[in-house]
Protein chains: 2
Amino acid sequence: MSPTTDAAASTEVEAAETEAATKNLVFVAAERLFALHGFQNVSVRDITAAAGVNLASVNYHFGSKDALLFEIFRRRTAELNRERAKMLHEANDRNTGSPPVREILAALLTPPLRWLAPDHERRISLQFLIRARSEGTDEIRNVLKTDVSHLRRFSDALLRARPDLSPEDVYWRLHFTLGMLHNNRFAEFDRLNVLSEGQTSESDVVALLERMLAFAEAGFKG
Amino acid sequence: MSPTTDAAASTEVEAAETEAATKNLVFVAAERLFALHGFQNVSVRDITAAAGVNLASVNYHFGSKDALLFEIFRRRTAELNRERAKMLHEANDRNTGSPPVREILAALLTPPLRWLAPDHERRISLQFLIRARSEGTDEIRNVLKTDVSHLRRFSDALLRARPDLSPEDVYWRLHFTLGMLHNNRFAEFDRLNVLSEGQTSESDVVALLERMLAFAEAGFKG
DNA sequence: GTCTATATCGAGATAGAC
DNA sequence: GTCTATCTCGATATAGAC
């Protein structure tokens, strides 16, 4: 947009912008298609067609289809976990380093629930992450299995908040809470809507977060 | 084994037994491989090789790879839901048709948790069903979404047990409980084991069931 | 019913022109 | 950096001999 007197620099900038734009188009289209239809059901051709770019773009910019998936996974996971860590940090500040269970769970659940809002720009990213967890490549599953450093911040906080519980109890309850969270896929919402004959709606994410927090917090009682 | 004087009949019986045996070998091998590696990562060649039968067996006995997956899904789902329905029926009998929340949840969770036991012959079937739920074919997902008649028995029982709650509350809490259940995959157990540094073990399914019931029942309080 | 050989297809990846 | 054309592979499904 800003004019420049140097034609060569202008060309370079435009090329860089085009490159970034193409790469980003692929990234966004792939994320969306993977989230909606699953990794294995989406071909590189589907992605490049949806993005309006050339078939070879995926391999040029990302190396392979697997690497593309992994890069989306990495970026979105980092983004989500940053929001969670920030909330946990704030909860620590408010509570002299030892927040109650509810605030810890809120730090864990609020960011993904925010992303779930119908008009949120990361709505599709959250569905992607949920799918990647069970349908991803071996590399992704391996990261999920071995890289628990992020999750450990939360289990440590919970252990501090409930020193009366055995660590085993705390870990299992965290596992159950994560199960509640990971079940929030479009398909499961659809099923629930059919079962309840339209009496449930996932579009009010504030209410859903409140429901989840209440359920999980109650599970941590006793 | 039992001798017969009729050679022709004997041959027929043997053929029928062979056919049933081959079909069953394919069924069992496919269920195991799908459960361990996912539907898309297992080829018809993998299945027939593991079963020790001919490559063409899958198509001859089941029609297609998709149809094989669907038949496994159908049979195991029916089997599991029969056990659940029986337990719910017994709970009704014990409580003059209106069992408390805990007994309803126990009828829903106990059969799958039993299957999860390390030495249970349906251990792998449960992992298959959990995977099929998220990685299955369109046909399976469609059945899951639209056929809620089995689940409705449980939501109806819960609505009767908690007439003080809004139906919306009941449906959501059932959804959360199912999320806890569906998170019981091998990969998630592995992750939990890493996080807890070996302090959690899913092999004691009686203890796990008790933990899940306590957590879910607490979530239904209030 | 079973098996081998093969038809057919769609996928990811890439060479090489521009 | 981008694009077209193509390579190569692995998959399911099936025809036809036995």
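All figures in this text were calculated on a predicted structure; none of them were measured in a lab. The basis for the numbers below is simple: all heavy atoms, side chains too, and nothing from hydrogens, waters or symmetry mates.
The only option from A:Arg76, A:His150, A:Lys86 that meets the side-chain hydrogen bond (donor to acceptor under 3.5 Å, both in side chains) definition with A:Asn81 turns out to be A:His150.
An OP1 or OP2 oxygen of D:dT2 is reached within less than 4.0 angstrom by a side-chain nitrogen or oxygen of A:Thr22. Side-chain nitrogen and oxygen atoms of A:Asn54 include none within less than 4.0 Å of the OP1 or OP2 phosphate oxygen of D:dG1. For C:dG1, neither phosphate oxygen OP1 nor OP2 lies less than 4.0 angstrom from any side-chain nitrogen or oxygen of B:His61.
Per the geometry, CG belonging to A:Asn59 stands 14 Å off C1' belonging to D:dT8, to the nearest Å. Atom pair A:Gln40:CD and D:dA11:C1' shows a separation of 12 Å (rounding to whole Å applied). The distance from atom CZ of A:Phe39 to atom P of C:dG12 is 8 Å, rounded to the nearest whole Å. One atom, CG of B:Leu69, and another, P of D:dA11, lie 17 Å apart when rounded to the nearest Å. D:dA13 atom C1' lies 13 Å from atom NZ of B:Lys65, rounded to whole Å. Atom pair A:Leu25:CG and D:dG1:P shows a separation of 15 Å (rounding to whole Å applied). Between the CG atom of A:Leu55 and the P atom of C:dG16 there is a distance of 18 Å, given to the nearest Å. Between the C1' atom of C:dT4 and the OH atom of B:Tyr60 lies a distance of 17 Å, rounded to the nearest Å.
Atom NE2 of A:His89 has 12 or fewer neighbouring heavy atoms from other residues, nucleotides or ligands inside a 6.0 Å radius.
Near DNA chain C, meaning a heavy atom under 4.0 Å from it, residues 43-53 of chain A has A:Ser43, A:Val44, A:Arg45 in order of number.
Looking at heavy atoms from C-beta onward, A:Phe154 lies in side-chain contact with A:Arg84 at the 4.5 angstrom threshold.
A pairwise comparison of heavy atoms in A:Arg191 and B:Val148 identifies O-CG1, 4.1 Å as the closest pair. Nearest heavy atoms, A:Trp115 versus A:Ser125: CZ3-CB, 4.0 Å.
Of the charged side-chain nitrogens involved, at least one lies within less than 4.0 Å of a carboxylate oxygen, so that B:Asp138 and B:Arg141 count as a salt-bridged pair.
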Show every donor-acceptor pair shorter than 3.5 Å between a side-chain atom in residues 52-59 of chain A and any protein atom, with sequence neighbours excluded, or say none if there are none.
{"residue": "A:Asn54", "atom": "OD1", "partner": "A:Ala56", "partner atom": "N", "Å": "2.9"}
{"residue": "A:Ser57", "atom": "OG", "partner": "A:Asn54", "partner atom": "N", "Å": "3.4"}
{"residue": "A:Ser57", "atom": "OG", "partner": "A:Asn54", "partner atom": "O", "Å": "2.7"}

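Here the side chain of A:Ser64 is nearest to one of C:dA13, D:dT14, D:dA13, namely C:dA13.
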